[in-house]
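Here is the naming used below: chain letters follow the sequence lines, and residue numbers restart at 1 for every chain. Side chains are part of it too, since the values below use all heavy atoms of this structure and drop only hydrogens, waters and symmetry mates.
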Amino acid sequence: MEYNFLEIEKKWQSFWAANKTFEVKADSSKPKYYVLDMFPYPSGAGLHVGHPLGYIASDIYSRYKRLKGFNVLHPMGYDAFGLPAEQYAIQTGQHPAKTTENNINRYREQLDRIGFSFDWSREVRTCEPGYYKWTQWAFLEMFNHYYNNDTCKAEPIAELVAKFENEGNAAINAACGDVEKFTAQEWKSFDEKKQSDILMQYRIAYQGETAVNWCAKLGTVLANDEVKEGLSVRGGYPVEQKMMKQWQLRVSAYAERLLVDLDELQWTDSLKDMQKNWIGKSQGAEMVFKVGDYDMTIFTTRADTVFGVTFMVLAPESEWVDKLTTPEQREAVDAYLKEAKKKTERERMTETRKVTGVFTGSYAINPLTGDKVPVWISEYVLAGYGTGAIMAVPAHDSRDYAFAKQFNLPIIPLIEGCDVSQESFDAKEGIMCNSGFLNGMSVKEAIPAAIDYVEKHGIGRRKINYRLRDAIFSRQRYWGEPFPIYYKDGIATPIPLEELPLQLPEVDKFLPTETGEPPLARAENWTYKGYPIETSTMPGFAGSSAYYLRYMDPQNDNALVSSEADGYWRNVDLYIGGTEHATGHLIYSRFWNKFLFDLGYVVEKEPFKKLINQGMIQGRSNFVYRIKNTNTFVSYGLKDQYDTTEIHVDVNIVNNDRLDIEAFRNWMPDYATAEFVLENGEYICGYAVEKMSKSMFNVVNPDNICNSYGADTLRLYEMFLGPLEQSKPWDTKGIDGVNRFLKRLWKMFFDAEGNLAVVDAEPSAAELKALHKLIKKVGDDIESFSFNTSVSAFMIAMNELQDLKSRNRQILESVIILLSPFAPHITEELWSLLGHKESISFASFPEYVEAYTIENTFEYPVSFNGKMRFKLELSKSLSPKEVEEAVRANENTEKYLAGKPIKKVIVVPSKIINIVC
RNA sequence: GCUCGGAUGGUGGAAUAGGUAGACACGCAGGACUUAAAAUCCUGUGGGCAGAAAUGCCCGUACGGGUUCGAUUCCCGUUCCGAGCACCA
């Protein structure tokens with residue numbers, strides 16, 4: 001009987017679907033386990049072999065947990081809103097809903113072939129109204145709440161209004177924008193518009209003027225994590241800074257909790273570090289400098305260096321710029337601002353070392369020394385961080401130093417013995433000098449002492465700043481969730497909850513209007529009760545921020561998730577996905593969850609307990625070498641004898657770096673008449689490891705692998721390739737090894753005639769030892785996500801059992817249970833051939849019995865003075881004294897010792913004996 | 001520039017409470033079966049030296065030091081590669 005994987009895999013995939021094998025219910029009699037993959041954006045290109053890596057790992061873990069008796073929730077869905085579908089729609093006129101659906105269907109076909117144990121009855125798609133109703137709902141909840149810094153949680157905006165009516169806002173400690181103080185009387189005297197504007201400053205989802213990343217080519221603003229090196233992540237188009245009024249989420253209010261709660265998560269340190277850096281907490285002080293009649297506040301982490309301030313610097317966008325520019329300097333300042341504005345973010349970054357700036361004409365008074373210092377404007381100060389203004393200490397900050405050198409400003413060293421003639425001294429160490437009452441202190445003492453001093457004298461206070469900015473939440477695009485907001489006389493007003501979802505309207509074109517408004521402005525009757533509805537849509541991360549909650553209760557029309565479902569499933573126990581979401585999705589999702597936690601909708605304050613980042617699978621590209629100006633190709637080993645051009649060749653027509661010459665001639669018309677210079681009768685290709693992409697002709701499609709080797713082989717091979725979290729190249733040539741393993745496993749169950757040949761008998765000690773070694777290894781490996789070494793362990797165990805000619809039923813049944821998470825189809829088939837009616841998924845993971853694996857004799861390698869010499873066989877573990885006697889008694893070792901005395905005996909239990917003589 | 005992570009045969013990779021480095025697999029070489037090929041099975045395979053052979057010796061985990069009876073593993077320094085952040089005061 002042959003191992004017919006095509007038939008077997010099809011059979012069991014249908015079986016699982018028909019029997020709903022992997023559908024789960026909230027079942028409180030069993031412990032729950034929630035395994036989640038980062039759901040894919042269904043792109044037009046389909047899946048390549050790199051995509052399923054994480055899904056295979058999570059599937060192995062899910063199937064393992066089921067065998068261990070857990071009620072496992074393992075769902076899948078699609079992150080279906082997004083730019084590529086819309087860009088494609090603009091080019092082709094096809095509706096993004098249509099292309100998205102086609103892509104989803106293609107994805108589903110590909111996923112189904114790999115044999116995942118997803119509960120597809122819980123599938124979600126972020127672009128479906130039934131789903132995005134809850135995205136809109138969460139947005140409105142954020143709109144209707146503010147962040148109370150005293151209680152450290154989100155609270156209803158209605159409660160805030162009540163406080164305003166009673167006592168004004170003087171005593172309110174909330175995360176908010178710039179708001180003037182007002183009394184209860186004043187609040188009541190404000191008109192509706194003014195009150196609305198004030199409340200907007202407090203809302204968690206709010207509309208505000210801010211510097212945004214504007215991408216002209218995409219026609220939309222982007223969040224910080226959607227921009228890399230001044231270019232948009234999607235498309236790679238230039239991005240510029242622009243002041244715009246946008247919807248934002250007050251993520252910054254949660255900065256401290258997002259930071260602190262990282263401690264309890266089982267995430268890798270590197271990912272936690274990335275989030276910590278992104279949140280960027282820094283402790284320092286705010287200090288007030290008088291400039292004429294104004295009090296200008298700055299933020300510093302080096303309060304100790306205030307005696308070395310020789311100038312001040314404002315960000316070009318700072319509101320102080322206008323106030324402090326003197327008439328004489330007005331022209332120069334305007335010219336500078338105009339230049340600065342013209343630059344894209346990209347240009348600013350590449351010119352990072354170029355020092356630019358302009359003097360405002362005003363002077364500030366150093367509050368400690370009383371010195372008069374000039375106030376400058378420069379791009380190196382950021383408007384969005386701190387107060388947008390700094391005190392410059394050129395002796396101890398390299399950026400201030402560069403500026404001072406450029407514009408010839410004084411530099412005062414503050415640390416004994418430091419040399420600031422060539423560069424600044426940035427380290428926080430040394431003894432203070434030139435610093436009044438701080439003289440003689442170490443820097444570590446001086447920082448708090450300086451802050452204490454300014455606090456006592458009312459010139460400043462302790463302050464913590466975060467780099468984490470509020471998330472820009474609107475996009476001027478079509479293919480996203482519409483905002484459930486309309487403008488009643490210019491006042492942003494929510495559409496009532498019971499009227500959600502607000503469905504995405506049809507438009508004639510997916511482009512901005514002639515007047516530059518977003519595509520939704522093209523929709524007919526895009527109004528609510530006659531008032532205009534918001535025309536921006538929500539960004540990609542909106543729909544992916546709470547999808548893990550929706551899987552718990554996907555059909556619920558009355559709540560995002562019922563409290564019963566949430567109370568049972570709680571949060572994700574294991575989350576697997578790429579590291580590229582470290583500062584985007586994984587921050588937003590944590591924020592979103594904490595907000596819902598504050599409101600009592602969810603019971604856990606963190607969404608993802610354990611997180612594994614699977615590495616990327618890279619492509620292994622092949623090259624041919626064309627002799628310049630000819631159509632002749634020279635083999636890899638001979639290419640240096642010619643002047644050649646390296647050309648990518650499709651890896652599918654290369655086998656083991658040998659080019660299939662006929663296939664190459666047929667590959668592209670240009671090569672039909674190609675000539676070859678061969679070595680040993682073959683054309684050898686060069687290779688390189690690169691990103692898997694169409695343009696490099698190194699894409700390997702999982703469907704092809706399933707057709708020629710089967711899904712079980714694909715699954716095993718992807719795991720066998722290397723550690724899960726490491727990036728590694730795909731190379732199809734190694735796949736024969738795991739395929740051979742499965743074929744040999746299959747053969748173990750049958751005799752030469754093809755009949756099932758399993759023996760019912762008591763297993764031998766040797767068989768039990770091989771099995772229990774495997775149980776231990778596989779169990780430990782799965783728990784630690786070392787799937788590559790467990791695949792090896794299966795191969796080793798099978799070799800051992802083959803040597804023993806084992807056909808023992810008990811042993812083989814246990815082996816296939818162990819293997820079933822990795823290779824579910826072949827093991828289901830064998831399980832059923834062995835007479836089991838139920839799916840192998842309902843079997844139990846075999847118990848490990850240590851007694852079977854214990855050795856009766858110990859073979860100790862014996863080393864003398866560290867050099868390995870002999871092996872010594874002992875019947876049991878011995879003490880050093882007993883070992884010394886055994887060594888003396890042994891012919892070999894005594895020969896080496898030749899009567900010399902033994903100084904010391906070191907015994908490393910069950911590993912090695914070292915004799916020092 | 002700052003913060004992390006990594007470097008082991010021709011290839012992917014095993015092995016860390018420090019204890020026989022190179023498991024397992026690919027590739028390669030040789031052999032069996034076959035008219036032949038595929039498939040399958042067996043043997044060998046880090047480098048060097050000696051030997052007819054069994055075998056023995058030396059060198060080897062990016063490089064240079066250190067701790068230790070003993071280091072791929074721990075510590076210090078260097079080089080190279082990868083990822084993230086990027087004027088965050």
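- Taking atom C1' in both B:G60 and B:A52, one finds a spacing of 29 Å when rounded to whole Å.
- Under 4.0 angstrom from either OP1 or OP2 of B:G12 there lies no side-chain N or O belonging to A:Gln726.
- Side-chain N or O atoms of A:Gln275 include one that pairs as donor or acceptor with a backbone N or O of A:Ala582 at under 3.5 Å.
- Residue contacts for A:Asn799: at a heavy-atom cut-off of 4.0 Å it reaches the sugar-phosphate backbone alone, with no base atom in range.
- Rounding to whole angstrom units, CE of residue A:Met795 and P of B:C26 are separated by 7 Å.
- Annotation: of the two residues near RNA chain B, A:Arg744 and A:Leu271, the 5′-most nearest-nucleotide partner is A:Leu271.
- Summarising the local packing, OH of A:Tyr636 is surrounded by 12 or fewer heavy atoms from other residues, nucleotides or ligands at distances under 6.0 Å.
- Relative to the side chain of A:Thr301, the nucleotides B:C87, B:A23, B:A89 differ in distance, and B:A89 lies closest.
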Report, one pair per line, the protein and nucleotides 27-33 of chain B atoms (nitrogen or oxygen only) whose separation is under 3.5 Å.
from	atom 1	to	atom 2	distance (Å)
B:G27	O3'	A:Asn656	ND2	3.1
B:C28	OP1	A:Asn656	ND2	3.4

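- Residue contacts shown for A:Leu721 are limited to sugar-phosphate atoms, with no base heavy atom under 4.0 Å away.
- Within the 4.0 angstrom heavy-atom criterion, no nucleotide atom of any strand lies near A:Arg620.
- Taking a pair as Watson-Crick or G-U wobble with both distances under 3.5 Å, RNA chain B forms stems of 3 or more consecutive pairs at B:1-7 with B:79-85, B:10-12 with B:24-26, B:27-32 with B:40-45, B:46-50 with B:55-59, B:62-66 with B:74-78.
- Panel note: side chain A:Asn613, backbone A:Glu725; no donor-acceptor pair is recorded below 3.5 Å.
- If you measure from atom CZ of A:Phe720 to atom C1' of B:A25, you get 4 Å, rounded to the nearest angstrom.
- Nucleotide B:G9 carries a syn base; the chi torsion (O4'-C1'-N9-C4 or O4'-C1'-N1-C2) is within 90° of 0.
- For the P atoms, the distance linking B:A21 with B:G13 amounts to 23 Å, nearest Å.
- Using a 30° and 60° split on the angle between ring planes, A:Phe403 and A:Tyr380 fall in the tilted class, from 30° to 60°.
- Relative ring orientation between A:Trp376 and A:Phe407 is described as tilted, the plane-to-plane angle lying within the 30° to 60° band.
- Listed nucleotides B:C85, B:A23, B:C87 differ in distance to A:Tyr380; the shortest reach to its side chain belongs to B:C87.
- Nearest nucleotide to the A:Phe299 side chain, out of B:U3, B:A86, B:A89: B:A89.
- Checking B:A23, B:C87, B:A89 against every side-chain atom of A:Glu379, the shortest atom distance belongs to B:C87.
- Annotation: proximity of residues 783-791 of chain A to RNA chain B (heavy atom, distance under 4.0 Å) is found for A:Asn788, A:Thr789, numbered in ascending order.
- A distance of about 7 Å separates the P atoms of B:U72 and B:U61, rounded to the whole Å.
- When the P atom is compared between B:A29 and B:G51, the two are found 29 Å apart, to the nearest whole Å.
- Counting to the nearest Å, the P atom of B:U11 and the OH atom of A:Tyr687 are 6 Å from each other.
- We find that OH of A:Tyr709 is positioned 12 Å from P of B:C26, with the value rounded to whole Å.
- Side-chain proximity of A:Ile796 to the nucleotides B:G13, B:C24, B:G84 is greatest for B:C24.
- The aromatic rings of A:His585 and A:His581 sit perpendicular to each other, their planes meeting at more than 60°, with 30° as the lower class boundary.
- Just one of A:Tyr3, A:Phe5, A:Phe741 meets the ring-ring contact (aromatic ring centres under 6.0 Å, His included) condition when paired with A:Trp746; it is A:Tyr3.
- Nucleic acid contact class of A:Thr579 (heavy atoms, under 4.0 Å, all strands): none.
- Rounded to whole Å, the separation between the C1' atoms of B:G84 and B:U78 comes to 24 Å.
- In this structure, A:Lys743 reaches the sugar-phosphate backbone alone: every heavy-atom distance under 4.0 Å involves primed, P, OP1 or OP2 atoms, never a base.
- The closest side-chain donor-acceptor pair between A:Asn698 and A:Asn622, if any, does not fall under 3.5 angstrom.
- Side-chain N or O atoms of A:Lys728 include one that pairs as donor or acceptor with a backbone N or O of A:Pro723 at under 3.5 Å.
- Look at NZ on A:Lys272: it is 15 Å from P on B:C4, rounded to the nearest Å.
- A salt bridge (charged side-chain N to carboxylate O under 4.0 Å, His left out) check over residues 777-790 of chain A, counting only residues at least two apart or in different chains, returns the pairs A:Lys776-A:Asp780, A:Lys777-A:Asp781.
- A:Asp731 places its CG atom 13 Å from the C1' atom of B:G10, with the value rounded to the nearest Å.
- A:Arg744 and A:Asn799 form a side-chain donor-acceptor contact under 3.5 Å, judged by distance and modelled atom types alone.
- Atom name C1', nucleotides B:G9 and B:A62: the rounded distance is 15 Å, in whole Å.
- Rounded to whole angstrom, the span from the CH2 atom of A:Trp730 across to the P atom of B:C26 amounts to 15 Å.
- Closest heavy-atom contact between A:Leu414 and A:His396: N-NE2, 3.0 Å.
- The same atom, P, is picked in B:A7 and in B:U11; the two are 15 Å apart, to the nearest Å.
- Scanning for side-chain hydrogen bond (donor to acceptor under 3.5 Å, both in side chains) contacts around A:Thr297 gives an empty result, with sequence neighbours left out.
- At whole-Å resolution of the value, CG in A:Leu314 and P in B:A89 are 18 Å apart.
- B:U79 and B:C69 have their C1' atoms separated by 32 Å, given to the nearest Å.
- The salt bridge (Lys or Arg N to Asp or Glu O under 4.0 Å) search around A:Asp397 returns A:Arg399, not counting sequence neighbours.
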